[in-house]
Amino acid sequence: KKAAVKKAQVTKKKNAVIEKKRLRSAALIVQNIANSVDNYLFNSDPNTPLFLDTETTGLSAKDEVIEIAIIDLNNTVIIDTFIYTKRHIDDDACYVHNIRKLDIDNMPKFSEIEDHISRLLDGRQLYIFNAKFDVYKMQKSASDDFKIKASSIDCLMSLASSKLSSYYRISLADACDRVGVECGGHRAASDTLASI
């Protein structure tokens, strides 16, 4: 029993040191995101549509966001960051986006940047490829207070399916291929740019 208690105490101390390091690193990233959003909101036309994409730990109901990008119609990158989560990154998901646990270890949690995301999206026209999935994953990763108050959220996957006369769920790669657009490599920023 004593050995188990001692081991638990050592693990707790080790985790506290790791979390302290993460918080230090994350604080700088959160401040950079806050500054980027402030600058964009001050200098941009509020009628310019925004585009968003995420990468996640997997596709199950419990999986969470590990990368997010928000870029405007003029290709202005406003947010492009990894997101920390304790959840394991599914092997199949890692094979697709090539994001590993090491990449997200010192990043902010979604809850630590969600206020800046909310401010940015407030009243904006928002486009997302497979919007239902990304919105659900953001809500799954966020605190209960997180709200997306965009003026509209349009699903580019639905638009692509209807415009390309597709009777199935079309992937971003397939849609891009059909219209001769170079597709991103399953990373948030490159996929967002491909969507634009």
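Side chains included, hydrogens not; waters and symmetry mates left out as well; all remaining heavy atoms used. Fair warning: this is a prediction, and the values are worked out from it, not measured in the lab.
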Rounded to the nearest 0.5 Å, how far apart are CG of Leu102 and CZ of Phe82?
-> 10.0 Å
For Ser111 and Ser143, the nearest pair of non-hydrogen atoms, with its separation, is CB-N, 4.5 Å
Mind checking whether Asp191 and His186 have side chains closer than 4.5 Å, heavy atoms only?
-> yes
What's the verdict on side chain to side chain contact (heavy atoms under 4.5 Å, CB included) for Arg169 and Asn130, showing C-alpha distance, side-chain angles and the deciding distance?
-> CA-CA 9 Å; Arg169 281 179 45 157; Asn130 198 357; 3.3 Å; yes
Report yes if some heavy atom in the side chain of His88 is under 4.5 Å from a heavy atom in the side chain of Asp91; otherwise report no.
-> yes
Same apolar cluster (I L V M F W Y, side chains within < 4.5 Å links), Ile148/Val37 = yes
Not counting sequence neighbours, which residues clear salt bridge (charged side-chain N to carboxylate O under 4.0 Å, His left out) with Asp115? List them please.
-> none
Spatial distance of atom CG (Asn35) from atom NE2 (His116) [nearest 0.5 Å] = 9.0 Å
Tell me, do Lys132 and Cys155 make a side-chain contact under 4.5 Å, heavy atoms counted?
-> no
Partners of Glu64 by salt bridge (charged side-chain N to carboxylate O under 4.0 Å, His left out), sequence neighbours excluded?
-> none
For the residue pair Phe146 and Phe110, is the inter-centroid distance of their aromatic rings smaller than 6.0 Å?
-> yes
Give a yes or no on whether the backbone of Ile153 and the side-chain of Gln125 come within a donor-acceptor separation of less than 3.5 Å.
-> no
Does the side chain of Thr81 come within less than 4.5 Å of Glu67's, by heavy atoms?
-> no
Pairs meeting criterion side-chain hydrogen bond (donor to acceptor under 3.5 Å, both in side chains) with involvement of residues 52-62, two or more places apart = Thr54-Asp134, Thr57-Asp63, Ser60-Asp63
Spacing of Leu23 atom CG and Ile18 atom CD1 [to the nearest 0.5 Å] = 12.0 Å
Taking the side chain as C-beta and beyond, is there a heavy-atom pair between Lys109 and Ile83 under 4.5 Å?
-> no
Are any side-chain N or O atoms of Thr192 and backbone N or O atoms of Phe51, one a donor and one an acceptor, separated by less than 3.5 Å?
-> no
Check whether any side-chain heavy atom of Ile104 lies under 4.5 Å from a side-chain heavy atom of Ile89, and answer yes or no.
-> yes
What's in the same ILVMFWY side-chain cluster as Leu59, cut-off under 4.5 Å, chained through other members?
-> Phe133
Rounded to the nearest 0.5 Å, how far apart are CD of Glu182 and CG of Leu193?
-> 11.0 Å
Are Ile71 and Leu73 grouped together when hydrophobic residues (ILVMFWY) are joined by side-chain heavy atoms under 4.5 angstrom apart?
-> yes
hydrophobic_cluster_shared for Val96 and Ile66, side chain cutoff 4.5 Å = no
Asp45, CG: over 12 other non-hydrogen atoms inside 6.0 angstrom = yes
Group every Ile, Leu, Val, Met, Phe, Trp and Tyr by side-chain heavy-atom contacts under 4.5 Å, then state whether Leu159 and Leu164 land in the same group.
-> yes
Locate the shortest heavy-atom distance separating Ser190 from Gly185; write the atom from each residue and the value.
-> OG-N, 3.3 Å
Hphob cluster co-occupancy, Ile33 + Ile68, side-chain heavy atoms under 4.5 angstrom = yes
Identify, with sequence neighbours excluded, every residue that meets salt bridge (charged side-chain N to carboxylate O under 4.0 Å, His left out) alongside Arg22.
-> Glu19, Glu112
Under 3.5 Å, side chain of Arg124 to main-chain N/O of Pro46, donor-acceptor pair present?
-> yes
Ile78 and Leu50: side chain to side chain contact (heavy atoms under 4.5 Å, CB included), yes or no, with the steps?
-> CA-CA 10 Å; Ile78 310 151; Leu50 299 179; 3.8 Å; yes
CE of Met107 to OG of Ser25: how many Å apart, nearest 0.5 Å?
-> 5.0 Å
By salt bridge (charged side-chain N to carboxylate O under 4.0 Å, His left out), which residues pair with Asp38, not counting sequence neighbours?
-> Arg119
Look at the side chain of Asp90 and the backbone N and O of Asp92, then say whether any donor-acceptor pair between them is shorter than 3.5 Å.
-> yes
Evaluate the side-chain proximity of Lys140 to Val65: yes if any heavy-atom separation is below 4.5 Å, no if none is.
-> no
Is there a donor-acceptor pair under 3.5 Å between the side chain of Ser195 and the backbone N or O of Phe129?
-> no
Quick one: pull up NZ in Lys147 and CG in Asp122 and give me the separation to the nearest 0.5 Å.
-> 13.0 Å
Could you tell me whether the side chains of Asn43 and Asn39 share a donor-acceptor contact shorter than 3.5 Å?
-> yes
Verify the distance criterion only: is there a donor paired with an acceptor across the side chains of Asp72 and Tyr40 at less than 3.5 Å?
-> yes
Below 4.5 Å, heavy atoms only, C-beta onward: do Cys183 and Leu172 meet side chain to side chain?
-> yes
